[in-house]
Asker: 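For reference, the structure I am asking about is given below.
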4 protein chains.
Amino acid sequence: MRKCYEILNIIIMKLSKFLLFIAILVTTTGRTQVQNRIEIPDINGYKTLQCDFHIHTVFSDGLVWPTVRVDEAYRECLDAISITDHLEYRPHSKDIVASYNRSYEVAEPTAENEGIILIRGSEITRSMPPGHFNAIFLTDCDALVKDDWRASFAAAKRQNAFIFWNHPGWDAQQPDTTLWWKEHTEIYNNGWMNGIEVVNDDSYYPEAFQWALDKKLTILGNSDIHEPIQTIFDFNKGEHRPTTLVFAKERTAEAIRDALDNRRTVVFFKDFLIGEEQYLRPLFENSIEVTNIKKENNQVIVYFLNKTGLTFNLKKTAHDKNVVYFRDFEIKPHCRYSISIQFIGDNDGKVNFEVTNLLVKPGKGLECSYNLH
Amino acid sequence: MRKCYEILNIIIMKLSKFLLFIAILVTTTGRTQVQNRIEIPDINGYKTLQCDFHIHTVFSDGLVWPTVRVDEAYRECLDAISITDHLEYRPHSKDIVASYNRSYEVAEPTAENEGIILIRGSEITRSMPPGHFNAIFLTDCDALVKDDWRASFAAAKRQNAFIFWNHPGWDAQQPDTTLWWKEHTEIYNNGWMNGIEVVNDDSYYPEAFQWALDKKLTILGNSDIHEPIQTIFDFNKGEHRPTTLVFAKERTAEAIRDALDNRRTVVFFKDFLIGEEQYLRPLFENSIEVTNIKKENNQVIVYFLNKTGLTFNLKKTAHDKNVVYFRDFEIKPHCRYSISIQFIGDNDGKVNFEVTNLLVKPGKGLECSYNLH
Amino acid sequence: MRKCYEILNIIIMKLSKFLLFIAILVTTTGRTQVQNRIEIPDINGYKTLQCDFHIHTVFSDGLVWPTVRVDEAYRECLDAISITDHLEYRPHSKDIVASYNRSYEVAEPTAENEGIILIRGSEITRSMPPGHFNAIFLTDCDALVKDDWRASFAAAKRQNAFIFWNHPGWDAQQPDTTLWWKEHTEIYNNGWMNGIEVVNDDSYYPEAFQWALDKKLTILGNSDIHEPIQTIFDFNKGEHRPTTLVFAKERTAEAIRDALDNRRTVVFFKDFLIGEEQYLRPLFENSIEVTNIKKENNQVIVYFLNKTGLTFNLKKTAHDKNVVYFRDFEIKPHCRYSISIQFIGDNDGKVNFEVTNLLVKPGKGLECSYNLH
Amino acid sequence: MRKCYEILNIIIMKLSKFLLFIAILVTTTGRTQVQNRIEIPDINGYKTLQCDFHIHTVFSDGLVWPTVRVDEAYRECLDAISITDHLEYRPHSKDIVASYNRSYEVAEPTAENEGIILIRGSEITRSMPPGHFNAIFLTDCDALVKDDWRASFAAAKRQNAFIFWNHPGWDAQQPDTTLWWKEHTEIYNNGWMNGIEVVNDDSYYPEAFQWALDKKLTILGNSDIHEPIQTIFDFNKGEHRPTTLVFAKERTAEAIRDALDNRRTVVFFKDFLIGEEQYLRPLFENSIEVTNIKKENNQVIVYFLNKTGLTFNLKKTAHDKNVVYFRDFEIKPHCRYSISIQFIGDNDGKVNFEVTNLLVKPGKGLECSYNLH
């Protein structure tokens, strides 16, 4: 397990009076509870990177200085973040006057120092339609400030941005149902919608998940955090922010972009993994290590351990009545179990179950079947 | 026990498109773990208020928006805080341009809403001597901005400020020993030093405690917090920020000022209470409720409970050798105990101990003696 | 809020050598993390008592000494427990040889001391049918030891026991579905089944809930704990054991019996309350205190707080489309919120929602409707 | 970091009615919070094993079944334990009738299954003098049951036991001071005292530490746990039981015995390490990895990380006044820091400090000095 180390940087300089102002330069990470990285296996020859592409700071309506966002990512052992302050909504503008690039620029040295991949981004913040979109992998956020939202999208694309629809079912903009407006068709047809948030903050949008599957949009889940993150997530209780798992060739910004462009992502939200079966099946199978199988008479005992920080909820599905095993089985992180299966008379030897918290489409868990004969 | 309630204020407005910008007005408190107030008894006819008079925000070198400081106080069930941004040190000034009153003004509506007493203050931030001082109960922070530190102090006093010396033993300004400079004598003689921090952040300054006792300075202990507070204190582990306990006639700013002016304070730091015996003794005695005393033969069993969130470490002191009782005894918060004392032959019936974590002067705990005959 | 106090009873006796064996008499509660009681409101003129009627010790197949069960209840601030060791399953019998009354007798002095109501009980432990049943309010457990299960039930009834069916859907006895066997009809008709576990350990049995409603059985939810309880529930994460909430005239064993006989119970399981609407509605309404209602133009803002340790998940149901409010709303323990409702043009002024975690029957939450005109 | 895995062994057998009693065979480990091993470095070519040689169960005056002790060790990732039930004190004997070997025998299969080294032991439990002693590495506990304590010691030695004095300063036997009685001289001279507990439960005995150094006794620190361990230690707060760190050639019982015989141990108690400098110095130095040293002008910045679960409290000692650095510095587990040192004019380039929580003798921390020129 990769350990996440804290940089205290207590620069203690006390030579003499003229050093006063340097003396009070204490960096931002401070002493703190260090988190462990949530272990998630690599799959299909790719590294599994834990990313959050939707984050705010005081430079729009967030409540912390940009460096805090990097420190938070560092303590949670994330690989990459994008600070995406609102372009059209800056309630602190009476006191904070700055380029839209500043939250990136302020955070960048800390990201460099702490080894966090920081991706420049902005949130295009419009009424519905089309609602809010994040443009990431930008080179100049200021260029996106336009009266017309179409002009903002076009400016983002000129910078070769990756653009995704944020919280498509946000009840402040979609009161009762999650609708796809004609403007979204226009955006989609223009190539301006590369991905979609299936999870934002504490909400999961099954309609968006179905759209992502049907329209080949990249699946994303992000925190949209405004407050100090410990205010929202109680890490001591095992909570974690929603993240986009990115299956990348290496741990670089370029490899993340390549993975996003090729839809190699899964959303990690509470205990759920949400995405395509081609990623969820190896995530499940690479998490479990079978350590022993004991066969005796008409019983098989399977010993295994969960090597990861993921949880798996198994539910028995249609099965030969002469194969007798659990109804439900919860596999907790980093735990070891044994399961006993009884075989009576003639039977097909198959244990069938659904992993109900690994969603391959809305309402449908990953189907598994193993032959124990 | 007073419960601390969280205000979520999820103002959900979604009438129509023209409400867009209102719609994203989500207030700052968010969903979060609510803390319980640390119970500390009232004493001597006064209410015991929990206060922190030294706090920073993005308006100087802190890392959070001012409203976050009020929310933090609210969750920790503090009674009063003072945001005291540096006057002479503003490393975010490239992006933040504002009056020195702004952190107070920005935080004030939240304080009003959440019932936190917010006291206007500033930190006069100078090289040593004289070092850093907080001026609180100000009416206009801007008036303190002066080249000459004496002019700053004078301006503060013209507003009838309460002024105290911050972290007098800070190693960035006092490398090896905690010194009282001639400038401090000048400040003191001018009536410009009303109190002194005996505790700042994670440091306790015994020299400052002795000075406070000798020179009749008000004893203070504050957090000097710059980061989001959960980064520094792990509330889940029972940690708390250092606070100044103020014994006030009522829960108002005026009553706090009256208490500060009359030196009715104690510092609460980790498990320590630091202050004068006239406050520590009733804090100890009001915390403990003796529920039963059983006398049988030559044994007395005392049953008692600790009604508070305080800890008390008892250490046996000189005693009649025919009175046999504990060597050390730890009384934890909200716990119930019984202590058995044996009497052999002739004896004075006295149990003598020191409460080693209630400091009545540097290195000296509160002496207690109870006659059980 | 009632605080739960720990009794340490560190009986320190050290007079002389002849006191040796007394000297090592240290009682069982020890120093420990004290829990707060989960606050749940009283309703309908009754006290709401938190009870667990299914618990094991080393005297059957449990792993702790009986006094530990009382201490656990004490730390969790339960009101009543019943230790119900198996009659027919005693895997420790090679080493432990005792009357079936012993776990009660061993625990009773600690219960008396700590103020926990301890109810004598046993678990009748048979293969399916009829499976396992608890008989509580016994006077002599030994009298239930019989070869024939019918004789055990009859013996329990002769002692005027309250009898309930344990974990009716336990997959070790009911592999694929939760069945009601003809033997259960016989037991029911004999008056030998007074209640039924709708929740046992980490399982909820919706079929049992429906049977309880249809057949007028008392609804119970219990822990069936075998291990030290902290092994199973992480109190630090806010977890709690499943309990039976009993609405009793007073906090006595007799009043609990009266409530059980009259079916005045609700199950508290994870975030769920499971029971009849006549109890769930006042539990919800007594938990919420509306502190303010602001009406302005076509908006109403309702300010309220949750005074309890319960959680409520609200989900909007069918409503006038001109009344615009949340889709979903989570009310967390001891938190304060405001909800904004918009009224457009003509409307019925009604906010309709279901409290989805307050189950009035299987799969059906509590329906609520409030008129805000 | 070695992960500690939980074995649930939910043996789910539900073939048919005749399997009833097997069906309720659920093993003892249960679902639970898995702890991480506290990382402590290997030193001097030895493996550092974490051991607890003083533990009780229901077979004497403990409160849990012996298998629970193994599960606890497993969750805490200990390497070895010894269950040492009292020979002369068995308050549960009315219900539990068994050989003194039973707690070992009952626990042994679980230890085998979970990979915990289980060492057979007993506590010789006498009034003072000589007080309580543990004999471990026994082959038959029953043979130690003798009226005369000298006979018990002799019987233990005939089995080649390793014997150590328990809690020599226990106030129940040594009310005011920790005394060495003439009987201890006799025991020592007979070769019957191989080690001594310097720490027991929550007490540290500096006198015992000095005796261990002077008389070449093996230094031990153990929990003496009676209750379920989570009742005493709040692992969520980072607490840990006291352990004896054993520097062994390999992770076997034999290698542990060899290390004990050769006094290769250190006590780990709260944040303290207590033992000989030859072990404490490499424990400190192997814990810290210096990652970078920047020299510029007259400043050196040292970047380092603490790779372990240990804490180090540094305190500046006598130093050249022209070398300016911290007064105190706390190095927390798994954290990364930088320290800045200023050099003025001529100086010796040495940073001197004491690691105050690594005790090389009573009241004396480990002295360190590093030359940064």
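Order of the sequence lines sets the chain letters (A, B, ...), proteins ahead of strands, with each chain counted from 1.
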Asker: Under the side chain to side chain contact (heavy atoms under 4.5 Å, CB included) criterion, do C:F235 and D:D234 qualify, and how do the steps go?
Answerer: CA-CA 11 Å; C:F235 297 101; D:D234 190 337; over 6 Å; no
Asker: Please assess D:V97 against C:V97 for the test side chain to side chain contact (heavy atoms under 4.5 Å, CB included), listing each intermediate value before the final yes or no.
Answerer: CA-CA 7 Å; D:V97 179; C:V97 180; 5.8 Å; no
Asker: Quick one: NE2 on D:H92 to CD1 on C:I96, what's the gap to the nearest 0.5 Å?
Answerer: 9.5 Å
Asker: Measure distances from C:V58 to the heavy atoms of chain D and classify the residue's part below 4.5 Å as side chain, backbone, both or neither.
Answerer: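 The answer is the side chain of C:V58.
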Asker: Could you give me the CA-CA distance, side-chain angles and deciding distance for C:V64 and D:V68, then say whether side chain to side chain contact (heavy atoms under 4.5 Å, CB included) is met?
Answerer: CA-CA 9 Å; C:V64 303; D:V68 171; 5.6 Å; no
Asker: Does some side-chain heavy atom of C:D95 sit less than 4.5 Å from a side-chain heavy atom of D:F59?
Answerer: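 D:F59 reaches C:D95 side chain to side chain.
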Asker: Can you establish whether the number of heavy atoms outside C:D148 located under 6.0 Å from its atom CG is more than 12?
Answerer: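 Enclosed.
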Asker: Determine, stepwise, if the pair C:T231 / D:Q230 fulfils side chain to side chain contact (heavy atoms under 4.5 Å, CB included).
Answerer: CA-CA 8 Å; C:T231 311; D:Q230 308 100 322; 3.2 Å; yes
